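Worksheet for the structure shown next.
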Amino acid sequence: MFQFFVLYLLVSRIGVAICAHVPRATILHHHDQLNAQYDFIIVGGASVLVLEYGPFDHHEDAVLVPGLLNLTSTPYWFNLTSTPQAHLQNRSFQVTIAAVVGGGTVINGMLFHRGAKADYDAWEELGAKGWNWDSLLPYFKTSETFTAPDAAFAREWDIEFKQHVHGNSGPIQASYPPYQFPVIKNFFQAFHDLGITTPKDPSDGSAHGVFWAPSTMDPVTRTRSYARIVHYDRVEQRPNYHILPMSAVTKVLFNDKKMAQGVRYLSRESGETYEVAAKKEVIMAAGAVHTPQILMLSGIGDGKELQKLGIGCISDLPGVGHNFQDHPTMFFINQFQKDLTPNADDLKDNATFQTEQLSLYRTQRQGAYTLVTDGGNTVAFIPLPNITSSTSSLLASAAAQNPKTIYPDAPASVLKGYSSQRALLIHHLSRGTISAQETAFNKGFLPLTLLHPFSRGKISINATTPLAPPLVDYRTLSDDTDLDIFLEILRFNRRLMLQEPLASLSPIEIAPGANITSDEQLRDALRGLVGPTFQHPCCTCAMVGREMGGVVEPVGLRVYGVRRLSVVDASLWPTIPGAHLMGSVYGVAERAADVIKRRHGLGR
Ligand SMILES: *[C@@H]1O[C@H](CO)[C@@H](O)[C@H](O)[C@H]1NC(C)=O
Ligand SMILES: *[C@@H]1O[C@H](CO)[C@@H](O)[C@H](O)[C@H]1NC(C)=O
Ligand SMILES: *[C@@H]1O[C@H](CO)[C@@H](O)[C@H](O)[C@H]1NC(C)=O
Ligand SMILES: *[C@@H]1O[C@H](CO)[C@@H](O)[C@H](O)[C@H]1NC(C)=O
Ligand SMILES: *[C@@H]1O[C@H](CO)[C@@H](O)[C@H](O)[C@H]1NC(C)=O
Ligand SMILES: *[C@@H]1O[C@H](CO)[C@@H](O)[C@H](O)[C@H]1NC(C)=O
Ligand SMILES: *[C@@H]1O[C@H](CO)[C@@H](O)[C@H](O)[C@H]1NC(C)=O
């Protein structure tokens with residue numbers, strides 16, 4: 001869901017670097033307002049043009065006020081459905097990615113943290129030279145301004161942090177909501193009773209245990225801090241920067257030296273097609289679903305597949321669209337018969353509480369509406385050895401799988417990269433250096449998430465018509481290992497409910513249902529309950545070696561085999577980190593901005 005916002009980092013940085021004096025950026029409304037050419041074109045901002053598929057948001061309450069987010073009614077999703085998922089009872093799913101200026105940051109759960117050190121060290125181990133925890137940490141810090149919680153509140157709720165791993169002058173505001181429901185303490189205690197610890201600060205690379213994550217929230221106004229506001233609204237004061245919303249890029253244009261010359265795009269309002277030139281570079285920030293789609297439409301992908309569609313191949317890169325990853329999720333639903341009050345359900349069904357809390361929010365920026373709807377900021381990221389005693393047998397059976405059987409349509413280079421990913425995953429999962437599961441909690445309705453799936457999906461295209469949707473195949477649970485780990489995740493969370501601090505609330509299990517107990521029943525139930533995504537798509541244009549299925553070279557972030565075309569979004573990552581993705585997307589984009597500016601002599 002983090003589509004188009006990375007570009008704002010680039011916009012702001014490039015914009016700041018080159019246009020230091022004269023004010024005013026331009027939102028274009030008509031295509032004839034475009035310059036003949038720009039230095040940079042960012043798909044998804046010297047002179048910079050950003051082409052964005054979606055509209056601007058309207059700074060409406062549903063975007064700004066954490067507790068008024070409504071994912072059902074938001075108009076900022078792509079209208080896109082996955083292919084039927086063969087291992088999830090052939091169900092199809094909404095592809096939950098955002099179509100709006102600022103991408104997923106406009107409508108996500110605001111959880112702002114980082115994965116574990118080993119999550120990023122794995123990127124380098126897989127061939128992304130120079131990409132590891134130590135080299136990324138400065139960029140994580142550059143991206144944020146961190147505000148500590150009020151001392152008394154932090155004491156009461158045991159919120160700890162380490163100031164030195166956080167930034168103090170970056171664009172995104174990171175702060176803690178000043179309100180919590182009482183049941184949160186029961187959850188923390190129940191996790192602790194199961195031996196799960198709380199790290200001093202999960203953002204220092206130790207992201208395991210049960211902890212508090214900061215929200216992307218302004219500490220004063222207590223409104224969402226997101227890419228549109230902190231990057232676009234900031235560069236609005238700069239010249240030489242144009243943004244054109246409601247514009248779908250359909251093709252990167254190359255000359256006969258395979259040098260990107262610009263892009264072709266279609267106005268979603270008029271249906272007209274236009275072309276615009278880039279003097280220096282075209283930068284892809286369209287997200288893990290649309291970046292590979294646009295590359296394929298432009299002749300970059302598996303040569304044989306492109307030929308079938310009549311697309312002339314410019315760079316034969318079988319990895320484009322492969323290696324698709326996300327965090328499969330199921331909802332473990334419990335009803336507390338003796339719930340504490342107030343609780344998150346009061347925000348749904350207690351009009352008195354709603355009125356009282358909304359008034360508190362409007363007048364004092366306090367209360368339950370500072371917590372994002374259905375979310376909050378309390379999570380547990382837990383390594384496999386801490387949730388099951390079967391770690392070695394689970395991973396032994398993973399090691400015994402033939403990668404070719406799991407991933408039958410992988411081209412040879414992709415399969416080679418995938419095989420090395422499996423070995424590395426097994427290594428880290430067995431040592432507990434990466435987490436296996438997440439439980440997010442603030443009531444009995446718990447999303448349980450598989451953080452490091454062995455299954456891999458694929459983005460492909462079956463048509464060349466400009467607005468034909470890409471085929472999104474998550475292939476969730478195509479490796480049985482993932483289902484087996486999910487079983488252990490569910491069992492662990494059932495044990496959580498049996499711990500006294502939660503058992504005392506008399507939970508009744510609604511889903512999957514307390515009567516579903518045998519392995520076989522659970523496997524069947526999970527295939528019907530697991531969904532393919534936690535809105536965390538990534539890894540479809542990996543920055544690893546070409547011989548390993550790579551699409552982008554890791555040092556300069558340029559697409560192999562062509563010139564003047566780079567990728568800066570989450571499609572670059574070789575493997576998905578065990579974290580909500582936003583923190584990593586901002587960090588990687590800050591670094592990408594540095595890389596691109598440096599090669600054009602634009603400072604830093
Ligand atoms: C969200 O929007 C949907 C559809 O408009 C509505 O049915 C639902 O009640 C809303 N949810 C909340 C929490 O307001
Ligand atoms: C979404 O796409 C489907 C199929 O392409 C179409 O029938 C439907 O009208 C679209 N919905 C919206 C709200 O655009
Ligand atoms: C899913 O669809 C495939 C192909 O149509 C079919 O062979 C299979 O039996 C279906 N599986 C289920 C669980 O319905
Ligand atoms: C996992 O278990 C080990 C061994 O008991 C313990 O040292 C570690 O703190 C636990 N990890 C978490 C995140 O709770
Ligand atoms: C609804 O909220 C009000 C105000 O917080 C509280 O006094 C009341 O007990 C709640 N009602 C129920 C049924 O929980
Ligand atoms: C592409 O696939 C979609 C979904 O499977 C299908 O509806 C559509 O007809 C296909 N288009 C072409 C040109 O094959
Ligand atoms: C479990 O209970 C539910 C609700 O009573 C029922 O629909 C379902 O068939 C039961 N499943 C099993 C495996 O007994």
Side-chain angles (χ1 to χ4, degrees), residues 60-63 65-77 94 96 107 109 113 115-119 158 160 179-183 187-213 335-361 366-369 371-376 378-392 428-439 442-443 445 451-452 488-489 492-493 495-496 499 505 578-579:
E60 59 268 52
D61 278 352
V63 168
V65 182
L68 292 176
L69 175 69
N70 187 333
L71 293 178
T72 310
S73 61
T74 184
Y76 303 127
W77 293 123
Q94 183 193 359
T96 41
I107 53 171
H113 69 135
K117 181 177 188 299
D119 276 313
D158 280 334
E160 296 192 287
Y179 182 90
Q180 291 297 334
F181 293 110
V183 76
F187 273 101
F188 268 85
Q189 191 56 53
F191 279 109
H192 291 161
D193 290 351
L194 284 172
I196 304 304
T197 50
T198 294
K200 188 120 179 89
D201 188 326
S203 287
D204 69 354
S206 71
H208 315 292
V210 54
F211 56 78
W212 303 86
Q335 197 174 17
F336 294 135
Q337 290 175 286
K338 299 185 189 154
D339 209 347
L340 305 181
T341 54
N343 57 60
D345 286 332
D346 282 318
L347 285 173
K348 291 209 157 66
D349 52 29
N350 181 340
T352 316
F353 185 71
Q354 281 174 7
T355 307
E356 165 195 297
Q357 292 299 314
L358 202 51
S359 157
L360 201 56
Y361 181 85
Q366 294 288 334
Y369 282 89
L371 294 165
V372 78
T373 312
D374 281 338
T378 40
V379 285
F381 283 75
I382 311 181
L384 197 53
N386 296 78
I387 66 169
T388 175
S389 53
S390 312
T391 297
S392 356
H428 284 301
L429 283 170
S430 69
R431 282 163 183 75
T433 40
I434 57 178
S435 282
Q437 75 117 57
E438 173 186 358
T439 303
N442 74 343
K443 56 179 177 177
F445 189 97
L451 294 173
H452 290 98
E488 297 304 324
I489 292 174
F492 172 82
N493 283 275
R495 286 202 297 282
L496 182 74
Q499 303 309 302
L505 308 178

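Counting convention: from 1, in listed order, for ligands and their atoms alike. Fair warning: this is a prediction, and the values are worked out from it, not measured in the lab.
- Contacts between Thr197 and ligand 4, counted as non-hydrogen atom pairs separated by less than 4.0 Å, involve both the backbone and the side chain.
- Taking any N or O of Thr72, backbone or side chain, none lies under 3.5 Å from an N or O belonging to ligand 1.
- A ring-centre distance under 6.0 Å is found for Phe381 and Phe211.
- Every atom of ligand 4 is numbered from 1 in the order shown, and the set under 4.0 Å from a heavy atom of Asn386 is 1 (C), 2 (O), 3 (C), 8 (C), 10 (C), 11 (N), 12 (C), 14 (O).
- At least one heavy atom of Ile196 sits less than 4.0 Å from an atom of ligand 4.
- Applying the 4.0 Å criterion to heavy atoms of Gly209 picks out, from ligand 4, the atoms 13 (C).
- Atom 9 (O) of ligand 1 lies below 4.0 Å from none of the non-hydrogen atoms of the protein.
- Using a 4.0 Å threshold on non-hydrogen atoms, atom 2 (O) of ligand 5 counts as touching the protein.
- Less than 4.0 angstrom separates some heavy atom of Glu356 from each of these atoms of ligand 5: 4 (C), 5 (O).
- Asn350 and Gln354 share no donor-acceptor pair across their side chains, judged by distance under 3.5 Å alone.
- The shortest N or O to N or O distance between Thr352 and ligand 5 is not below 3.5 Å.
- Of the listed residues (Thr388, Ile196, Asn386, Leu384), just one forms a side chain to side chain contact (heavy atoms under 4.5 Å, CB included) with Phe492, and that residue is Ile196.
- The distance from the CD1 atom of Ile382 to the CG atom of Leu194 is 8.0 Å, given to the nearest 0.5 Å.
- For atom 5 (O) of ligand 1, a protein heavy-atom neighbour is found at a distance under 4.0 Å.
- A donor atom on one side chain and an acceptor atom on the other are not found under 3.5 Å apart for Asp346 and Gln357.
- Counting the atoms of ligand 5 from 1 in the order shown, those under 4.0 Å from a heavy atom of Phe353 are 2 (O), 5 (O).
- Of the listed residues (Leu340, Thr341, Asn343, Asp339), just one forms a side chain to side chain contact (heavy atoms under 4.5 Å, CB included) with Pro182, and that residue is Leu340.
- Listed for the Thr439 side chain is no donor-acceptor partner under 3.5 Å among the backbone atoms of Ala380.
- The aromatic rings of Phe188 and Trp212 lie parallel to each other, with less than 30° between the two planes, well short of the 60° mark.
- Residue-ligand proximity, Gly195 to ligand 4, at heavy-atom distances under 4.0 Å covers atoms 14 (O).
- Distance from atom 13 (C) of ligand 1 to its nearest protein heavy atom, with residue and atom name: Lys348 CE, 4.2 Å.
- Nearest protein heavy-atom contact of atom 11 (N) of ligand 5 is Asn350 ND2, 2.9 Å.
- With rounding to the nearest 0.5 Å, the separation of CD1 in Ile434 from NE2 in His452 is 4.0 Å.
- Ion pair Asp374/Lys348 flagged as a salt bridge, since at least one NZ, NE, NH1 or NH2 atom sits closer than 4.0 Å to an Asp/Glu carboxylate oxygen.
- The protein heavy-atom contact nearest to atom 12 (C) of ligand 1 is Asn70 ND2, 3.4 Å.
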